[in-house]
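Notes follow the structure.
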Amino acid sequence: MNVFLPDGSEMALPEGATGRTLAEAIGPRLAKAALGVTINGTTRDLDTPLSEGDQVAVVTAQSEEGLSLLRHSASHVMAEAVTKVFPGTKVAIGPSIKDGFYYDFDFPEPISETDLARFEEEIGRSVKAAHPFQRREVSREQALQLFAGEPYKVELIRDLPEGATISIYQHGDFTDLCRGPHVPDTSRIGAVKVLSTAGAYWRGRSDNPMLTRIYGTAFPSKKDLEEHLERLEMARQRDHRKLGRELDLFSFHDEAPGFPFFHPKGMVVINTLLDYWRKEHAVAGYQEIKTPIILDRALWEQSGHWDNYKDNMYFTKIDEMDFAVKPMNCPGGILVYKSAQHSYREFPLRMAELGLVHRHEMSGVLHGLFRVRAFTQDDAHLYCLPEQVEDEVLGVIDLVRRMYRTFGFEKVHLELSTRPAKSIGSAEMWEKAEASLAGALARTGLDYQLNPGDGAFYGPKIDFHIEDVMGRTWQCATCQLDFAMPERFSLEYIGVDNQRHAPVMLHRTVLGSIERFLGIIIEHYGGAFPAWLAPVQVTIIPIADRHADYAREVAGVLQVAGLRVEVDERAESVGRKIRDNEVSKVPFMLVVGDKEEAARTAAVRSHGKGDLGAMSLDVVAATLAEQCRTPEVQG
RNA sequence: GCCGGCGUAGCUCAACGGAAGAGCAACUGAUUUGUAAUCAGUAGGUUGGGGGUUCGAUUCCCUUCGCCGGCUCCA
């Protein structure tokens with residue numbers, strides 16, 4: 001029989017050939033590396049028989065599929081190990097995920113992290129034994145009988161659609177309900193590390209029982225695994241909570257869980273960020289407003305937040321009247337809009353607000369600056385005519401991309417979410433709105449993912465995702481059309497026809513939450529901010545006390561040039577001062593001693609780059625001012 | 001909110017039923033230094049809070065608050 005290889009070539013194989021035969025026929029090295037086989041686009045067990053004319057490819061751990069095959073198999077081996085160590089444990093599901101795998105268990109008794117090493121030991125035994133993974137297809141009745149003692153498996157089997165193939169995989173004396181495929185035997189799962197435990201609801205629903213999830217990862221070789229563990233450690237070093245403390249940017253206190261305290265250096269970064277933000281927005285034609293943090297309950301009833309968002313809101317009483325702390329800025333912004341009559345001639349009207357919002361997040365979800373209970377949204381509300389929507393959306397996309405590029409977030413992933421099942425507004429309205437969003441996206445030429453039915457109940461939206469150094473993606477910017485608010489608040493403008501009309505309202509953020517964005521860039525830069533954002537841009541290091549006056553003079557020159565400067569006058573060695581300033585990631589250091597004072601120069605040292613040699617004060621001031629300048633804003 | 005883990009000096013960690021310790025940071029003094037840690041000394045803690053067991057609790061138990069890893073939710 002003949003099969004087709006990925007490069008388009010044809011290969012003749014004996015009748016009854018399997019993926020293994022194919023790999024062996026191609027070469028001994030591939031045969032050794034083969035974990036599975038892709039047949040006509042579907043990854044299968046290596047020993048799956050091939051058929052005439054199949055499009056085939058051998059799967060190895062070099063590919064994503066191969067890795068996930070390996071990890072999925074590793075999860076089975078871990079389940080075997082866990083049930084051996086703790087007999088009576090019920091097993092749930094165990095898929096491969098990005099960078100690893102997990103398996104959910106229902107333990108008779110709670111386990112502890114110290115048990116993880118025992119699982120690893122047991123996994124090692126199973127790997128050594130090289131038990132083959134054997135696939136069997138069974139009837140529903142057989143499956144139910146086989147997993148009679150496994151309530152979660154029984155539930156899964158019951159939920160399988162009529163006529164579905166039910167397959168089981170056995171290795172050694174462990175059998176699992178599984179669609180497969182798997183690696184040929186347990187010796188092929190590579191280097192496995194059991195990482196952590198966590199609680200997880202059965203099937204992800206919070207009204208279901210909580211299971212114990214065990215995370216692990218597997219790599220083809222010990223070396224790959226070690227590299228991955230090193231990457232994890234590097235990411236841990238970049239954790240913004242750790243860097244925030246070390247660089248003295250912000251802190252958290254028991255007295256205010258989820259509410260960050262910003263220190264002077266943190267405020268410098270935030271204010272610099274906002275200076276830049278304001279420049280970009282001014283050029284993009286935005287006006288800035290500011291609305292109160294506490295507003296009357298009646299406003300929230302009118303906006304719909306009372307009905308839809310109450311659980312996340314904070315309340316207070318003033319003079320016996322109910323007020324709410326705002327979780328969003330829109331209702332306040334709308335009151336500003338309504339404070340005057342508007343004409344179509346003013347449109348598009350772009351009103352930005354750096355609004356401090358409070359949301360009662362569940363205690364378990366708080367996470368440094370990434371998830372807080374009070375944060376500043378870089379919000380804006382755009383009011384325009386229906387025919388202006390597409391241009392406005394395009395303008396927002398441009399602004400978002402330009403600002404992200406400033407921070408080196410080149411890769412932006414866009415998602416368009418359309419009308420959900422439960423929504424307000426006419427079908428025609430939605431069609432038009434979705435078309436304008438899609439139209440704007442098309443004009444950018446960017447790829448985007450379509451999420452049908454994922455829009456807000458009041459309108460479709462575009463979300464922007466960026467990826468941080470730890471590979472986590474963050475939704476920062478969002479741009480959504482809002483049909484609800486103009487209607488609820490009877491917003492109007494006078495049109496060309498001198499009649500009242502409802503404006504189209506767009507709601508958008510760029511950075512999302514200033515606090516969280518700060519957290520993201522701390523990790524993105526590993527704490528070493530670009531010079532324009534650095535809390536201290538230049539430290540001047542006098543060699544000895546007699547150089548302090550000259551050092552202060554140099555500092556004065558640089559301050560006049562607009563730089564944030566400190567003089568390190570401590571009675572420490574030069575080496576120590578340099579080390580401390582390197583550790584706090586100050587972009588530039590100027591070392592001044594007898595030579596520099598005599599020649600009116602300074603020896604420049606750049607963070608991470610080292611000594612750049614002496615330069616005259618004028619040159620130093622000009623060069624550093626240039627290096628520390630806020631990025632250009634283009635019109 | 002739920003599951004599991006952890007709370008000891010500002011930070012990183014010891015001691016784990018029998019007088020609370022180290023390194024770094026801080027402070028004081030000496031040193032005046034040429035590109036990643038000068039030396040010496042001082043101070044710092046009701047061991048997160050509350051309750052219990054015990055002759056005795058940082059250690060064991062309960063409870064509460066916070067933090068960490070996840071789940072769920074979300075900017």
Side-chain angles (χ1 to χ4, degrees), chain A residues 102 104-107 110-116 195-215 236 239 241-242 245-246 248 251-258 309 311-312 327-329 355 357 359-379 463-465 474-478 509-517 519-520 541-548 569-584 589-596 603-614:
Chain A
Y102 68 79
D104 285 345
F105 301 97
D106 188 353
F107 287 99
I111 62 149
S112 79
E113 302 259 339
T114 53
D115 295 317
L116 301 187
L195 292 169
S196 58
T197 64
Y201 297 110
W202 166 235
R203 296 188 144 185
R205 280 195 287 275
S206 54
D207 41 349
N208 280 344
M210 176 73 69
L211 305 175
T212 302
R213 176 167 298 177
I214 300 182
Y215 284 93
R236 235 166 48 83
D239 190 312
R241 292 166 298 187
K242 176 176 142 73
R245 184 172 53 235
E246 288 172 358
D248 199 16
S251 56
F252 283 93
H253 303 273
D254 288 359
E255 290 82 353
Y309 211 73
D311 291 347
N312 283 298
M328 295 185 195
N329 301 303
V357 297
R359 297 181 184 177
H360 177 74
E361 300 292 349
M362 289 188 291
S363 61
V365 306
L366 302 177
H367 182 99
L369 294 179
F370 285 164
R371 195 71 184 275
V372 291
R373 283 176 171 158
F375 59 98
T376 309
Q377 274 187 319
D378 64 322
D379 217 341
D463 290 328
F464 302 72
H465 298 255
W474 293 100
Q475 188 216 311
C476 293
T478 182
T509 63
V510 178
L511 306 180
S513 147
I514 301 301
E515 289 77 359
R516 193 180 66 173
F517 193 75
I520 292 169
I541 298 177
I543 300 250
D545 287 351
R546 63 178 180 280
H547 308 119
E569 291 189 54
R570 292 174 303 160
E572 293 288 353
S573 66
V574 173
R576 175 54 178 271
K577 290 180 186 178
I578 285 171
R579 183 191 141 77
D580 288 350
N581 281 279
E582 284 288 345
V583 168
S584 21
M589 284 175 239
L590 297 181
V591 179
V592 293
D594 290 332
K595 281 183 287 183
E596 287 77 13
V604 181
R605 185 192 164 97
S606 171
H607 172 73
K609 292 201 191 99
D611 194 356
L612 302 178

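Naming convention: chains lettered A, B, ... in sequence-line order (proteins, then strands); numbering from 1 in each chain.
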Exercise. Picking from B/rU35, B/rA75, B/rG4, which would you name as closest to the side chain of A/T197?
Worked result: B/rG4
Exercise. With a non-hydrogen cut-off below 4.0 angstrom, is A/G204 in contact with a base, only sugar-phosphate, or nothing?
Worked result: sugar-phosphate
Problem set entry | Minimum-distance nucleotide (side-chain atoms of A/R241 versus B/rC67, B/rU35, B/rG69) | B/rG69
Exercise. Considering only heavy atoms and no angle criterion, is a donor-acceptor pair shorter than 3.5 Å present between the side chain of A/R359 and the base of B/rC74?
Worked result: no
For this session: Write down the distance between NE2 (A/H465) and P (B/rC74), rounded to a whole number of angstrom.
Result: 13 Å
Problem set entry | Residues A/D378 and A/T509: side-chain donor-acceptor under 3.5 angstrom | no
Exercise. Considering Watson-Crick and G-U wobble pairs with both distances under 3.5 Å, what does B/rC71 pair with?
Worked result: B/rG1
Exercise. Can you tell which of B/rC24, B/rU35, B/rU32 lies closest to the side chain of A/R576?
Worked result: B/rC24
Problem set entry | Lys/Arg cation over aromatic A/Y102: A/R213, 6.0 Å, 45° cone | yes
Exercise. Backbone N or O of A/G610 within a donor-acceptor pair of the A/R605 side chain at under 3.5 Å?
Worked result: no
Problem set entry | For atom CG of A/D545 and atom C1' of B/rG34, their distance in whole Å | 15 Å
Exercise. Nearest of B/rG34, B/rC73, B/rC71 to any side-chain atom of A/D594?
Worked result: B/rG34
Exercise. Taking atom C1' in both B/rU12 and B/rC71, what distance in whole Å separates the two?
Worked result: 30 Å
For this session: Output the single nucleotide from B/rC11, B/rU33, B/rG69 whose closest atom is nearest the side chain of A/I543.
Result: B/rU33
Problem set entry | Of the listed nucleotides B/rC71, B/rU33, B/rG1, the one nearest the side chain of A/S363 | B/rG1
For this session: Under 4.0 Å between any heavy atoms, over every strand shown, what does A/H547 touch: base, sugar-phosphate, or nothing? Just pick one.
Result: nothing
Exercise. Which whole-number value in Å describes the distance from A/I541 CD1 to B/rU35 P?
Worked result: 12 Å
For this session: Among B/rG34, B/rU31, B/rC2, find the nucleotide with the atom closest to the side chain of A/K595.
Result: B/rG34
Exercise. Do A/D311 and A/H360 meet the criterion of a side-chain donor-acceptor pair at a distance under 3.5 Å?
Worked result: no
Exercise. For A/F375 and B/rA75, do the ring centres fall under 5.5 Å apart while the planes stay under 30° apart?
Worked result: yes
Problem set entry | Check: B/rA75 base within 3.5 Å donor-acceptor of A/E361 side chain | yes
Exercise. Heavy atoms under 4.0 Å, any strand shown: does A/E255 hit a base, just sugar-phosphate, or nothing?
Worked result: nothing
Problem set entry | Nearest-Å distance for atom pair CZ/C1', residues A/F370 and B/rA75 | 12 Å
For this session: Return the value, rounded to whole Å, for the distance between atom NE2 of A/H253 and atom P of B/rG7.
Result: 21 Å
Exercise. Is A/Y201 side chain donor-acceptor paired with the B/rG70 base, going by distance under 3.5 Å alone?
Worked result: no
Problem set entry | Short side-chain to backbone donor-acceptor contact, A/S606 and A/K609, under 3.5 Å | no
Exercise. Of all the nucleotides listed (B/rU72, B/rC71, B/rC2), which has the minimum atom distance to the side chain of A/Y215?
Worked result: B/rC71
For this session: Please report, rounded to the nearest Å, how far the C1' atom of B/rC68 is from the CZ atom of A/R245.
Result: 12 Å
Exercise. Taking the side chain of A/A200 as its heavy atoms from C-beta onward, which of B/rC71, B/rG69, B/rA75 lies nearest to it?
Worked result: B/rC71
For this session: Please work out if A/V574 contacts a base, only the sugar-phosphate, or nothing of the nucleic acid, heavy-atom cut-off 4.0 Å.
Result: sugar-phosphate
Exercise. Rounded to the Å, how far apart are A/D248 CG and B/rA26 P?
Worked result: 12 Å
Exercise. Within the structure shown, what part of the strands sits under 4.0 Å from A/G593 by heavy-atom distance: base, sugar-phosphate, or nothing?
Worked result: base
Seminar exercise, completed: From CZ of A/R579 across to P of B/rG34 the rounded distance in Å is 18 Å
Exercise. Is the distance between the ring centroids of A/F517 and A/W474 under 6.0 Å?
Worked result: no
Exercise. Side chain of A/E596, base of B/rG34: donor and acceptor closer than 3.5 Å?
Worked result: yes
Problem set entry | Watson-Crick or G-U wobble partner of B/rU38, both distances under 3.5 Å | B/rA30
